[in-house]
Structure formats: C-alpha cells, structure tokens
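Note on naming: letters A, B, ... go to the chains in the order of the sequence lines (proteins, then strands), and numbering restarts at 1 for each one.
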There are 2 protein chains.
Amino acid sequence: MEHSKKTTIHDIAERLNVTASTVSRALNGNPRISDNTRKAVLKAARELDYEPNQIASALRSGRTQLIGMLVPTINRAFFSSIIRGVEEVANSLDYRVIVSQSNEIFENEENAVKAFLNARVDGIIASIGKNTEHFNHYKQVLDRGLPLVLFDRTTPKLQTGQVVIDDYQGAYMATTHLIEQGCERIVHFTSERKIDIYKERYRGYVNALQDHGIEPNHSLVFSGNLQLEDGRKHAEQLIQGKVDFDAIFSASDYAAMGAMQVLKENGLKVPDDVALVGFLNEPFTSFTDPPLTSVNQFPIEMGQTAANLFFNALNSDKKKIIPKKTVIQPELIVRASSLRTAP
Amino acid sequence: MEHSKKTTIHDIAERLNVTASTVSRALNGNPRISDNTRKAVLKAARELDYEPNQIASALRSGRTQLIGMLVPTINRAFFSSIIRGVEEVANSLDYRVIVSQSNEIFENEENAVKAFLNARVDGIIASIGKNTEHFNHYKQVLDRGLPLVLFDRTTPKLQTGQVVIDDYQGAYMATTHLIEQGCERIVHFTSERKIDIYKERYRGYVNALQDHGIEPNHSLVFSGNLQLEDGRKHAEQLIQGKVDFDAIFSASDYAAMGAMQVLKENGLKVPDDVALVGFLNEPFTSFTDPPLTSVNQFPIEMGQTAANLFFNALNSDKKKIIPKKTVIQPELIVRASSLRTAP
DNA sequence: TTGTACGCGTTATCAA
DNA sequence: TTGATAACGCGTACAA
C-alpha cells in the first residue's frame, strides 16, 4: 500500500472552497474568523486526518517549540530527574526537549550549544561543565535573544535565569543535625575543585559548628574528588592516624558510602561510633546498611522550576528579562546512619 | 546592541557574485563544483559566521536530523543509560534526540508518538508501556516509512527492529550460579504481569534447575510487583511459613533488596544462610551490605545497538527493511550476596 | 561547473 | 471575515 500523501492546509482549503490562510487562521484560534468556517475547517481537518507540519510552521514563524537541554551526564539520578521535571512542564505546554550531554568536556558543551542553535531551538536550559571557564557559547544564546536558564552549576558571569539549591543551608542543617545527635568532632569531606557548591557546603559546615560553640578544626577537613574511593581513602587516613572523630559530613553520598564501608570493615559502628551524613540523596542511600542520612536537592522540582523560569522568559518582553535566580531549599532526610539511640 | 540578522546562503552568494544554489552545493559537499568556488564559499561562510538553518533545510529535504525517543520513565538508571547510549551514537552522526516519557500511561504514549510525528522526526526509538495493547500509533510510524526501533519492552505484533536482552539466558546463568554455590532450594520472585521478559526469566530459572537435576517446586515461586515491598512480603511469608530454602533469585533488584532487609532483620546471614541474586544491576546493588549479585543488561550498549539499528534502517532502501531483532547477551555480576565461603 | 526556477507548508501583511 | 500574495531559507530538477 502506498502511504497517502500527507494532507496540508491546502487540501482542507480546496475541499471547503476557501483559501489556505483561512484554514490556518481557523486552526490557530485566530479570532478573526466566523464560527461556521472554523467548525467546518476543524471537521474537515479531522476527516482528512490533517497533522500540522511543525517544520513549515517553524520556518515561517521562527518558533520551533523545542528546548535544548544540556546536562553533564544523562544517566545520573540527579540529572535525569531534572530532565524529567523539565520534560513534564514542557510537554504540558506542547514543547519538546532535546537532550545532549557534555560529559564535562568543554568542547562537547560548545558543540551541543551550537547544534541547538542550528536546530533553532527556542531556548536552552543547561548545567555548565566542571571545566568550563569561557562562556561565549552561552553569550551567543543571549545575544540572539533566546532564553537561557542555568541550573545547579551556574555562573555569575552570565546575566540570566538560574536555579540552584541552597547548598549552605543544606550543609548547615546536616551539621546541626549531627551536633544535636551529640557529635562534637565532625569530619567534613569536600572537593578539591573550587566550585561554588562545595564552597557553600563547607561554609555551612563551618558556620553550624561556630554557631554551636564548636571551633572548626582544619585537620578534620578532607579534600578530594568525593567519589567512593576518595571516601575510603579519607576514612582510612582517619583510622590509621588515630584521629579522634565521632561523625562525618560528606559533601557527596558516594564519599560517605566509601567511608561507611571502611568504618564497618574496621569494626566501627555506624551511627554509634561514627554518625554519617551525605549529600545528594542518591537513590542508593535508602538501601545501604544502615540507610544513609542525606540532603535532598529536589531534582524534579528543580527541573520544573527551571522550565517555569524558561517559559517566563520566553513569554516576557525580550528586552526586559530580569535575570532571576531561584534558590530551592533543600531538605535533610534523616535515616539510621546518623540517628543515635538516646544515651 | 542589535543582534545582527543571521546570515543566509544568499548573503554568501551575494558577496561572491554567485547564486545561492552554488553556495548550497559547496556547503553540502556536492561534487559538481570547482575547488576554487568551494574554498571561496567556505571562507566567506566562516567570515560571515554562517550557521545553516536546519529548519529550512528540513522543510526542503524532508529530513530533520531528529530522533524521537520514548521511555516509560526518564529518571530510572536503566532507561537513562539507554538514552545515553542512543545520544552518543546520534550525536556522532549529527542527529539530535528528543525525549519523552509515557509514565506507563497509554494515552501519553500515543500523544508522544503523535507529537514526534508532528515535529517530523526522522524516526522513533521506543520502549512500549506496560499497559499498551494497541499499536496503531506505532503502525502509523511504519506506514509513513519511518524507522522504528523498539527496545526492552517489545512486541511481536510490530514488524520492526527490536533490541532486547536474553532474559532467559540471564536467569539461567543466575540460577546455575546459585546451584554451583551449593544451593538446592532456590526461591524465585517473578511478576504477576504476563510480560515476556518475566516469562523468559521464569523459564530460564526452571530450565536451569531441571538441567541440574533439581525438580522445580511451585511453592518456591512468588508472584508480585517486584518492588521492594513485594520482596519484603515474600520473604516474610517464607520465614513465617517456615519454608525450607537456601537461596532467592529475584527477577528484580528491588525485590531482592526487600528480601535482604527482612532476612537480616530475622538474623539470617546472606549469603551463608540464604544466597541472593537480583536482576537489572541497578546502581545501588554495589552499595548494599553485602553487595548484591545481579544480571547486567548493558543498558548503554543497548542504546547504542538500538541507535545502530535505527541508522541502518534509515539508510537502507525503505521497501526492504528486514525487521531485525538483536538479542544482547547479559552478564552475571557476582558479588558477595551469593558467594559462599567454601564449605 | 554554474545558473534558473520552483516548491517544501505555513504564516503574515495587506487589501478587499 | 476572507482572499491574494509573498516570504521564511534551503535544495534540486533542469537548462545552459
């Protein structure tokens, strides 16, 4: 069977003895049209199985109904959840999402943005790569008057919409929680990279200590890549160095997990000997033994927020976009790894 | 600053005193053009900062360089990894991926496919929803001569490219492994749903038992939703019913995890009292205590394979697409939950 | 090797 | 309220 030629607005126009412009107006809800013709057009469209050609529409109108979305890694729970949030909002507004990943490589990031522009997306939602220091590709987006929303990994160098969580607050809550559990010598795992989010978590840790009358101790702060192996290494150093500590607040669940393994291997009880708190609320945190207390970043909500900022920008007068920064409040999810039995 | 009008092939043509068609040919690697003009065009294009308008190109050529990708849930490790695999291959061939999720709702699935068609994607890669029983929306895709590749959740009712893993083989390996560890009364957790993949895993379990001279015992098979809670329930039944068993092979890591929790709560040792094997190789499996043996489905490779099938179909003579089914061999990843110390 | 001419399907502008 | 016409930017017969 030959697949029949797709029907266009001209086919509908011909059948109704009107012109294509009339059909177009009827289909787009243009008010300057009579009720009768509108109904006739819609009926004919249904009967002829008409499907609008968005490409033609995009060429003419300049709007593709596409959002370019760039993440470092698609298959990480945090990012895929953000994509999910964006997709939900976008779909409900009849927009589609194109995803690309940078794998933290600057060149990929540049190329992805360029590809998005070639595809004539209506705007971009992105998290910038760890190694990104130049922002010309993003500036091009803004120069073209397209909405750009950054999430999680942002930069003050771009005047545009941003969505982040309050890392300071998350760390402050985590540290305070440990103090309230009776911990006094609290270790912190942080990152070597001078990224804002880790600096903020460190600041939250320090301030929580000070606010509770505990003097921060530099020898309790460990810097690394925050992966599982780093957590293991730090914990081994703590044990071998016979450091006196009763809790660990790690800026990443992975490093916390590594520490938990080493602690248990050395016969230390979590949480009674060492209480443990991570950050990210990765899905695995509820499956560890004991389950790991962590800081929830609400990634789906973060994606929804980013999408909302995006559409606000899209619908506002282009010359009056006020770069808006939305800060999401994190939540401490207390699990057994930090809950001490009352003394 | 006004953002300057985007340059088109006409701008390049004007500058070089040639026509737009010449420029188009030069840009597209058409051989019917002199070396000199080609170089001149490329040079001018660079100088004028020319960026091709893919929308115009798509309207004219009928190819959008877009793939529609439909998954049940974006933020699950298995699916996001598949998206990653598809994205990698697609990007390398200058294609982009539009993602949508069905959330296992049939209507969403239909709408997503329709939206993809309206966006004039060059084809679709999809995993069908659990509750999908009609396939007209997919048939439309095929009727239009567009490539369609199904992965993981497929159906014999559609004559098109498919990528699945060998569920039978995965289950067979898992069960055999448990037998080799000395287990003889092996419980199986399966799904109530009559989906092929669970039937295959059940078949692999049964055949492995029989091939090793163990008679399958119906009272050791538990059917549910394979979520964590189901695993807990099954394990509680096993213990309360004083069932004699020494291993569990679960068709899902989540149910295996639930069972592990209950076993430990009841003082049973994993793996020495009960050896445990899951299925999916979810990221959390390496973080449980003990780490959970599981069956790896190679999701990234699955995505790459799906993308390769897609591009093969795209580039082949449309009338001669041979519906090809690719079966990926899974891998048993042995971790401590099933490794018994030698007796 | 290059130019001419047209069309892809839609929307915007202007006129009626 | 509707029609006629052009244009969005590109690719491709066909002719030269």
Integer-rounded Å distance: [N] [atom2] and [X] [atom1]:
{"X": "A:Lys39", "N": "D:dT1", "atom1": "NZ", "atom2": "C1'", "value": "16 Å"}
{"X": "A:Ile9", "N": "D:dT2", "atom1": "CD1", "atom2": "P", "value": "15 Å"}
{"X": "B:Leu16", "N": "C:dT1", "atom1": "CG", "atom2": "P", "value": "17 Å"}
{"X": "A:Asn28", "N": "D:dT2", "atom1": "CG", "atom2": "C1'", "value": "16 Å"}
{"X": "A:Lys6", "N": "C:dC8", "atom1": "NZ", "atom2": "P", "value": "12 Å"}
{"X": "B:Gln65", "N": "D:dG11", "atom1": "CD", "atom2": "C1'", "value": "14 Å"}
{"X": "B:Asn30", "N": "C:dT2", "atom1": "CG", "atom2": "C1'", "value": "11 Å"}
{"X": "B:Asn118", "N": "C:dG9", "atom1": "CG", "atom2": "C1'", "value": "13 Å"}

(message) Using heavy-atom distances to pick each residue's nearest nucleotide on DNA chain C, tell me which of B:Arg60 and B:Ala20 is more 5'.
(response) B:Ala20

Does one side chain, of [X] or [Y], offer a donor that lies under 3.5 Å from an acceptor on the other?
{"X": "A:Thr132", "Y": "A:Glu109", "value": "yes"}
{"X": "B:Thr37", "Y": "B:Ser34", "value": "yes"}
{"X": "B:Gln101", "Y": "A:Arg84", "value": "yes"}
{"X": "B:Gln65", "Y": "B:Gln54", "value": "no"}

(request) Please report the shortest heavy-atom distance between B:Leu309 and B:Thr326, naming the atom on each side. (result) CD1-OG1, 3.9 Å

With the side chain counted from C-beta on, respond yes when [X] and [Y] share a heavy-atom pair under 4.5 Å apart, and no when they do not.
{"X": "B:Phe310", "Y": "B:Ile124", "result": "no"}
{"X": "A:Ile83", "Y": "A:Val99", "result": "yes"}
{"X": "B:Val163", "Y": "B:Asp152", "result": "no"}

Please tell me which of the listed nucleotides, [options], lies nearest to the side chain of [X]?
{"X": "A:Ser57", "options": "C:dG3, D:dT12, C:dT11", "value": "C:dT11"}
{"X": "A:Ser34", "options": "C:dT2, D:dC8, D:dT2", "value": "D:dT2"}
{"X": "A:Arg63", "options": "C:dA12, C:dT13, D:dT12", "value": "C:dA12"}
{"X": "A:Asn53", "options": "C:dG9, C:dT2, C:dT13", "value": "C:dG9"}
{"X": "B:Arg32", "options": "D:dG9, C:dT2, D:dA4", "value": "C:dT2"}

Counting only side-chain N and O atoms of [X], is one of them less than 4.0 Å from OP1 or OP2 of [N]?
{"X": "A:Ser24", "N": "C:dA12", "value": "no"}
{"X": "A:Tyr50", "N": "C:dT10", "value": "yes"}
{"X": "A:Thr37", "N": "D:dT2", "value": "yes"}
{"X": "A:Thr22", "N": "D:dG3", "value": "yes"}

Would you classify [X] as touching base, sugar-phosphate or nothing, given that sugar-phosphate means primed atoms plus P, OP1 and OP2, and contacts are heavy atoms under 4.0 Å?
{"X": "A:Ile33", "value": "sugar-phosphate"}
{"X": "B:Thr19", "value": "base"}
{"X": "A:Leu59", "value": "base"}
{"X": "A:Asn36", "value": "nothing"}

(request) Could you check B:Ser21 against B:Ile55 and say which one's nearest nucleotide on DNA chain D is further toward the 5' end? (result) B:Ile55

(message) Using five base pairs at each end to define the local axes, how bent is the helix from C:dT1-D:dA16 to C:dA16-D:dT1, to the nearest 10°?
(response) 30°

(request) Sort and list the pairs that fulfil ring pair (Phe, Tyr, Trp, His ring centres under 6.0 Å) and have at least one residue in residues 93-135 of chain B, not counting sequence neighbours. (result) B:Tyr95-B:Phe311, B:Phe106-B:His137

(request) Please confirm whether any donor atom in the side chain of B:Arg120 sits under 3.5 Å from an acceptor in the base of C:dG9, or the reverse. (result) no

